[in-house]
Amino acid sequence: MMNYLKYGVNRCSVVTTTLLLLIYVSATLDTHLFVYPSLSRTLIPELLILLLITTALLYGIVKKRNFINSKETWFVLTWIAYIIIHYASVYPHEQYRTMYLVVSLLLIPTVSFVIHHNLISRSQCENIVLFVAIIQIIFVFAQWTGLITSENIYFTLTGSNENPTVTSLYLVGCVPIISARLYRGGYRILYFSVLLLCLVSIGALRCRTAYIGLSVELLVATAIYLKKRNISTPKSFRFPFLFVLILMVTSIGFKLYDMKRDSADGRILIWKLSSKMIIGKPQGYGYGLFEKYYNLCQSDYFAQGNGIDKEKALADFVFMPYNDFLEHGVEGGVVGMTFLVAFYVLMIYNAKRKHDIVCLSVFVAFATMSLTNFIYSSIQPWLLLMLYSSFVASENIFKEKLIFKRTNIFILTICIVLSCMPALAKMLRGQMKLYEYKERIMEGEYVSNDDFTIIQNSVGTSEAYWTLRAYNDFLQQKYPEATIDILEALKYTSSPQSMEMIYKTYLLSDNKAQGVRYLEKLRNMIPSLLRPKLMLMQYYDNQSNIEKAVCLAKEIVDCHVKIDNEKSRRIHSIADNYLKSHK
């Protein structure tokens with residue numbers, strides 16, 4: 001009997017390790033099975049996480065172990081409960097981001113459980129982290145040598161991602177593990193080589209936030225080392241040391257600012273408007289809906305005559321606020337933002353109390369980087385943060401007598417997981433089918449509305465589904481149907497493509513006034529974007545409203561564009577010729 005149980009445990013350990021490896025690898029590589037790469041990097045890992053949770057729960061039932069066994073677990077479950085309640089209370093609500101946040105948070109109690117019960121060790125988890133880091137390093141060097149091209153036309157080096165920031169932040173989170181192993185000894189040449197390649201890759205990716213994160217990790221590790229060695233600075237040197245430190249930080253800060261001055265200045269406007277949104281609606285707009293509501297807010301801001309010329313020149317379509325705390329504040333309200341703050345405080349406190357230098361340096365670095373960039377939206381760094389949190393949680397297990405009846409908790413949790421898995425699998429199939437429809441449409445083949453309707457329920461709140469369906473109807477000159485479809489998409493997005501399409505469908509459906517209203521919103525949303533100004537100019541010219549058309553032509557000619565290319569010069573030329581012909 002004992003041998004049978006031991007065999008079962010060993011099999012469970014293999015399954016656990018395999019699933020965890022697949023979670024992090026699938027979050028790294030794009031399968032090219034979905035409309036967006038981000039869907040591949042979230043939906044597949046989410047399904048694997050649910051399988052991992054099921055494995056852990058089944059083990060707990062057989063071995064009579066408690067699943068909810070630490071204050072970190074209770075905190076995470078309370079946070080998840082709030083997210084679900086918030087989702088149910090907001091309309092329209094967005095499923096994909098909510099599911100991503102809930103399922104990724106469940107990694108903390110799950111991995112802490114399997115580590116505590118020796119189904120996988122912390123060292124094995126770290127090996128998985130480093131394996132993914134090596135994949136990213138290989139991608140960076142392959143792109144640098146020209147063996148492969150990046151997924152982004154604007155960046156030569158991006159790693160396996162479209163955005164080099166995501167790769168940089170992940171590698172920053174790996175540096176403390178590599179450094180700790182190098183410090184402890186054993187395979188030093190190997191770890192020194194990996195650390196060197198990791199640092200070179202971070203430097204080559206040119207992400208300012210990653211440089212800040214590395215600096216914070218170094219400062220935290222140095223401070224703890226000095227404290228352990230009881231090394232203190234003489235009082236006579238403290239003031240000069242502090243002065244030099246402030247001078248260095250200021251100098252480095254200005255240097256990082258100069259690297260991408262326009263990008264830094266543009267974020268100031270985003271932070272300002274995001275803060276106003278939180279004050280205006282402290283209960284939050286809904287998880288996954290930052291992009292929609294922020295850009296509408298930016299449009300209203302400029303439409304009301306606010307904003308200096310610099311803000312108008314730098315304003316662009318915004319996907320996230322480059323500050324996780326503000327993003328949670330806008331989406332989940334003040335309470336949602338408080339949960340994120342409390343999460344970092346709890347993890348930093350526990351890592352410090354346990355003298356876990358690796359976790360502490362990562363938590364402080366990630367909390368700092370969250371102030372100027374996106375950890376929560378970047379998938380791989382966020383999942384890495386969840387793994388570090390599980391390391392801390394696995395060391396803070398309650399005693400058995402503090403836990404109420406485990407049977408009821410297990411049954412409830414299994415019911416929740418089993419109800420999520422079919423829905424997620426259905427969503428996966430629907431999104432894969434949507435990608436197939438996209439390929440067919442791009443090749444000039446129409447897709448019937450019956451085919452679209454078949455997957456409508458499975459794709460959920462997908463703006464990609466409604467946008468593609470609208471485009472398909474538009475190509476077939478079914479303008480009323482296209483209008484209905486794109487209005488559904490606009491529940492979840494305010495993208496320029498959607499705004500332009502609703503303008504065109506309304507225009508061709510003899511509802512011109514409504515169409516112009518959306519195009520005006522787009523014109524104000526991104527003041528440096530010439531295309532909506534040109535479309536409005538041509539519309540007013542066709543309506544014989546020459547005065548407005550001339551004003552728009554002047555606006556185009558005077559507009560400073562971000563990217564000077566053939567398209568922008570052509571629009572400038574059209575507007576200039578229009579002005580000359582209406583002097």
Side-chain angles (χ1 to χ4, degrees), residues 2-3 5-28 45 48-49 51-73 76 104-135 170 173-188 190-191 194-195 198 347 350-351 353-363 380 383-400:
M2 290 298 294
N3 289 334
L5 287 175
K6 186 176 180 181
Y7 175 69
V9 171
N10 288 337
R11 289 186 66 181
C12 196
S13 179
V14 171
V15 171
T16 300
T17 306
T18 304
L19 284 173
L20 198 63
L21 174 63
L22 290 174
I23 287 167
Y24 283 86
V25 171
S26 62
T28 303
L48 292 167
I49 290 170
L51 288 171
L52 179 63
I53 295 168
T54 305
T55 303
L57 289 172
L58 291 173
Y59 174 84
I61 291 172
V62 173
K63 301 292 288 184
K64 298 182 180 179
R65 296 289 186 267
N66 289 307
F67 186 71
I68 301 177
N69 50 16
S70 69
K71 59 187 176 184
E72 288 84 2
T73 298
V76 166
S104 62
L105 283 172
L106 283 172
L107 261 181
I108 297 174
T110 305
V111 177
S112 66
F113 176 84
V114 297
I115 289 175
H116 182 69
H117 293 293
N118 300 315
L119 294 179
I120 190 172
S121 67
R122 173 168 170 170
S123 179
Q124 288 173 309
C125 293
E126 290 178 352
N127 289 341
I128 291 171
V129 169
L130 296 183
F131 177 72
V132 172
I134 290 169
I135 291 175
Y170 183 86
C174 298
V175 168
I177 292 176
I178 305 168
S179 301
R181 292 191 173 191
L182 185 61
Y183 178 76
R184 288 195 296 264
Y187 302 104
R188 284 194 166 178
L190 172 64
Y191 288 122
V194 174
L195 179 61
C198 192
M347 294 304 165
N350 285 330
R353 189 167 60 87
K354 293 291 182 180
H355 306 291
D356 192 330
I357 301 176
V358 171
C359 287
L360 180 61
S361 60
V362 169
F363 291 141
Q380 295 148 48
L383 292 180
L384 181 60
L385 183 63
M386 297 300 100
L387 194 63
Y388 276 112
S389 303
S390 69
F391 294 163
V392 172
S394 67
E395 298 176 1
N396 290 326
I397 303 301
F398 290 149
K399 293 181 180 178
E400 291 285 323

[X] versus [Y]: any side-chain heavy-atom pair under 4.5 Å?
X	Y	answer
R181	S123	yes
I49	T110	no
L383	Y170	no
T73	F113	no
L385	M347	no

If you round to the nearest 0.5 Å, how far is [atom2] of [Y] from [atom1] of [X]?
X	Y	atom1	atom2	result
L130	I135	CG	CD1	11.5 Å
T16	Q124	OG1	CD	10.0 Å
L387	E126	CG	CD	8.5 Å
I120	S394	CD1	OG	11.5 Å
L48	S26	CG	OG	5.0 Å

Inset, instruction - Please identify each residue that fulfils ring pair (Phe, Tyr, Trp, His ring centres under 6.0 Å) with F391, with sequence neighbours left out. - result: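 Partners of F391 under the ring pair (Phe, Tyr, Trp, His ring centres under 6.0 Å) test: Y388.
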
Legend entry - Qualifying residues under side chain to side chain contact (heavy atoms under 4.5 Å, CB included), relative to P176, sequence neighbours excluded: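 Once residues adjacent in sequence are excluded, the partners of P176 under the side chain to side chain contact (heavy atoms under 4.5 Å, CB included) criterion are E217, V358, S361, V362.
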
Legend entry - side chain to side chain contact (heavy atoms under 4.5 Å, CB included) partners of L195, counting only residues at least two apart: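 L195 satisfies side chain to side chain contact (heavy atoms under 4.5 Å, CB included) with V175, I178, S179, L182, L199 only.
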
Inset, instruction - Identify the residue among T55, L58, L20, L119 that makes a side-chain contact (heavy atoms from CB on, under 4.5 Å) with V15. - result: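 The option that passes is T55.
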
